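Just so it is clear, the structure is predicted and the values come from calculations on it, not from any experiment.
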Amino acid sequence: DAFRRYIAAWAFKSPQPADFFRSMMTNSGQDLDWFWRGWFNETGVLDQSVDGVSHAGTTVEITFRNRRELVMPVLYRVTYADGPSATRKLPVEAGFASDRAAARFETSHGKVNRVEIDPEKFFPDVNRGNNKWRRWF
């Protein structure tokens, strides 16, 4: 929708990059400065990792780390010991204050056996080797 509105507003005109950025932010209703800065104005790379998983009763805490300069939301899949899996998202704002972020949630599925960041490989992570955590029995 935001892109369609941009096209309608700027068709047959001479927009500058700032016009595109402003239009996308206005029409999406989101502050995308973090995205434009990292992905268009700088030369950093993305490397997200799973640093650890802990359990306290029915509460699970997964710690993630942003190892390089770019930030993105953390899309991750959690697989439980009793079989099911769930795809979850940690918003990009969680990584603004620090290079580490934690996701805490309640579950009735027991222990987490596996966590994988970006299992569908949507993002250009430079080191997928640190995107997985597995509980070894």
Q: With rounding to the nearest 0.5 Å, note down the distance linking CE in Met25 to CG in Asp31.
A: 6.0 Å
Q: Donor-acceptor pairs under 3.5 angstrom involving side-chain atoms of residues 2-15: please list them, not counting sequence neighbours.
A:
unit_1, atom_1, unit_2, atom_2, d
Arg5, NE, Asp1, OD2, 3.3
Lys13, NZ, Ala9, O, 3.1

Q: If the threshold is 4.0 Å, N to carboxylate O, is there a salt bridge linking Arg77 and Asp118?
A: no
Q: Which heavy-atom pair separates Ala101 from Leu90 by the least distance, and what is that distance?
A: CB-CD2, 3.7 Å
Q: Determine whether Trp39 and Met72 satisfy the following criterion, side chain to side chain contact (heavy atoms under 4.5 Å, CB included), listing intermediate values before the conclusion.
A: CA-CA 10 Å; Trp39 291 93; Met72 287 297 284; 3.3 Å; yes
Q: Calculate, to the nearest 0.5 Å, the distance between atoms CZ and CG belonging to Phe40 and Leu32 respectively.
A: 10.5 Å
Q: Taking all non-hydrogen atoms of both residues into account, name the closest pair between Val60 and Val112 and its distance.
A: CG1-CG2, 3.8 Å
Q: May I ask you to decide if Pro73's main-chain N or O and Gln48's side chain share a donor-acceptor pair within less than 3.5 Å?
A: yes
Q: Are Trp36 and Phe20, when compared by the centres of their aromatic rings, separated by less than 6.0 Å?
A: yes
Q: State, without any angle test, whether Glu106 and Thr58 hold a side-chain donor-acceptor pair at a distance under 3.5 Å.
A: yes
Q: Using 0.5 Å steps for rounding, measure from the CZ atom of Arg114 to the CZ atom of Arg134.
A: 6.0 Å
Q: Tell me, please, whether Phe64 has Arg100 positioned over its six-membered ring: NZ or CZ under 6.0 Å from the ring centre and within 45 degrees of its axis?
A: no
Q: Testing Ile62, Val50, Thr87 for side chain to side chain contact (heavy atoms under 4.5 Å, CB included) with Tyr76, which one passes?
A: Ile62
Q: Within a strict 4.5 Å, meaning less than it, do heavy atoms of the Glu69 and Glu42 side chains meet?
A: no
Q: Mind checking the CD1-CG spacing from Ile117 to Leu75? Nearest 0.5 Å is all I need.
A: 9.5 Å
Q: Would you kindly confirm whether Val115 and Phe122 end up in one hydrophobic cluster when ILVMFWY residues are joined by side chain heavy atoms under 4.5 Å apart?
A: no
Q: Return yes if some donor-acceptor pair links the side-chain N/O of Asn27 with the main-chain N/O of Met24 below 3.5 Å, else return no.
A: no
Q: Atom NE2 in His55, atom CZ in Arg135: separation rounded to 0.5 Å?
A: 6.5 Å
Q: Are Val74 and Val71 linked, directly or through intermediate hydrophobic residues, by side-chain heavy-atom contacts shorter than 4.5 Å (ILVMFWY only)?
A: no
Q: If every non-hydrogen atom of Tyr80 is compared with every non-hydrogen atom of Thr107, which pair is closest and at what distance?
A: CE2-OG1, 3.4 Å
Q: Under 4.0 Å between a side-chain nitrogen and a carboxylate oxygen: does that hold for Asp99 and Arg67?
A: no
Q: Any heavy-atom pair between the side chains of Phe105 and Arg88 that's under 4.5 Å?
A: yes
Q: Can you check side chain to side chain donor-acceptor pair (under 3.5 Å) on Asp47 and Asn66, steps first, answer last?
A: CA-CA 6 Å; Asp47 185 14; Asn66 192 33; over 6 Å; no
Q: Distance check, rounded to the nearest 0.5 Å: Thr79 atom OG1 versus Asn113 atom CG?
A: 8.0 Å
Q: Strictly by modelled atom types, are Ser49 and Asp51 linked by a side-chain donor-acceptor pair under 3.5 Å?
A: yes
Q: Are the side chains of Gln30 and Phe35 in contact, using a 4.5 Å heavy-atom criterion?
A: no
